[in-house]
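What follows is one structure encoded as structure tokens, with my remarks underneath.
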Amino acid sequence: MGVLEGRVAIITGASMDEAGGIGIGGATAQRMAREGARVVAADVDGAGARRLAESIQRSGGQALGLEVDVSRESDIAGMVAAAVDTFGGVDILHNNAGALGPEVLGKDGDLLSLDVTAWERTLAVNLTGVMLGCKHAIPHMLKRGRGAIVNTSSVASFQGDLVRAAYGSSKGGLNALTRYVASMYGKQGIRCNAVAPGLVLTATGRKYFTAQARDMMLRHHLTPYLGEPEHVAQVVVFLASDAAAFITGETLRVDGGFTAHAPITADMRDILAALAAAQQGTPPKG
């Protein structure tokens, strides 16, 4: 018996590319299926969503793959209806879909050059899409007297940066929405939390992050490795399970300690070591 045995879970932004590569949504769908959930994998890439569902089925799980643009309410309504018609209800919603393509992030530069269409598309997917998912899934959770919602935020919601104002703002709004949903429906048995990943080496991330960029990011992590989709998926499954029954309204950072310290110290390690040696009267090396 898995920790999600008998549950019905919807995961947005869940697909598999032709080479078998997956992201957070794909890893979460696979993990939830292994834990006994019947899974609806939804993605704007319909072929990728169906490919993921088929891979779960081959492994002995139950899954349905759907083409869904989460910014369209009709798509969201159809996604939830399909889950109910196919599997009998909805117990878990993982709002994971995000506007991450180069056609959006490539236009999300500094504020003065920010393309308004990129801003609007980012908020439509990252924030409005989450609201719509909750709006249509919660009525079915209320019928069951329970439900768990896990939203995918980002560490960009906690920090300022020189670029990606639209992305960071959308995730900050998502954190607030998470608390509001938790407040509105907690007494009716519905929990709502969020995970805030840092850099995760998804199939897309491996494609666009050079070895030099990965090495630079690794220096600023407290773990000796960068994030993998499975690292986040395990936390999502935990928050969706009864093991997290007393956790709601939280945004949990899953970032390898990236935001837990002042990044400059990672590059100053040798300098700090030299200073410490000098204070002890030991000549610095080098």
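Only a predicted model underlies this, so the values are computations on that prediction, with no experimental measurement involved.
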Student check: side-chain heavy atoms of [X] and [Y] closer than 4.5 Å:
| X | Y | value |
| --- | --- | --- |
| D108 | Y167 | yes |
| S157 | L174 | no |
| M79 | D75 | no |
| L252 | V235 | yes |
| L100 | T204 | no |
| I24 | H94 | yes |

Check for me, please, whether [X] and [Y] land in the same ILVMFWY cluster - side-chain distances under 4.5 Å, paths through other members count.
| X | Y | value |
| --- | --- | --- |
| M141 | M131 | yes |
| V90 | Y185 | yes |
| V104 | L127 | no |
| V163 | W119 | no |
| V236 | I92 | yes |

Heavy-atom donor-acceptor pair, [X] side chain to [Y] backbone, under 3.5 Å:
| X | Y | answer |
| --- | --- | --- |
| S153 | N175 | no |
| H221 | F258 | no |
| T248 | C192 | yes |
| N96 | T152 | no |
| D43 | A14 | yes |

To the nearest 0.5 Å, atom CD1 of I56 lies from atom CZ of R38 at 14.0 Å
message = Is it the case that over 12 heavy atoms from other parts of the model lie below 6.0 angstrom from the CZ atom of F209?
response = no
Using a cut-off of 6.0 Å, state whether more than 12 heavy atoms not belonging to E5 lie near its atom CD.
-> yes
Across all chains, not counting sequence neighbours, the salt bridge (Lys or Arg N to Asp or Glu O under 4.0 Å) partners of R31 are E230
Contacts of R206 meeting salt bridge (Lys or Arg N to Asp or Glu O under 4.0 Å) (sequence neighbours excluded), chain-then-number -> E228
Q) Is K135 salt-bridged to E73, cutoff N-O under 4.0 Å? A) yes
query: Any Lys/Arg nitrogen of R72 or D69 sitting under 4.0 Å from an Asp/Glu carboxylate oxygen of the other?
result: yes
Contacts satisfying ring-ring contact (aromatic ring centres under 6.0 Å, His included) that involve residues 225-254 (not counting sequence neighbours) are Y225-H231
Would S71 and R121 satisfy side-chain hydrogen bond (donor to acceptor under 3.5 Å, both in side chains), going step by step from the backbone distance to the final call?
-> CA-CA 8 Å; S71 70; R121 179 61 181 170; 2.9 Å; yes
Item to complete: Ignoring hydrogens and angles, state whether a donor on the side chain of D45 or S15 is under 3.5 Å from an acceptor on the partner side chain.
Response: no
Nearest heavy-atom contact between T202 and P229 is CA-CG, 4.0 Å
Given the options H140, R7, R144, D91 meets side-chain hydrogen bond (donor to acceptor under 3.5 Å, both in side chains) only with R144
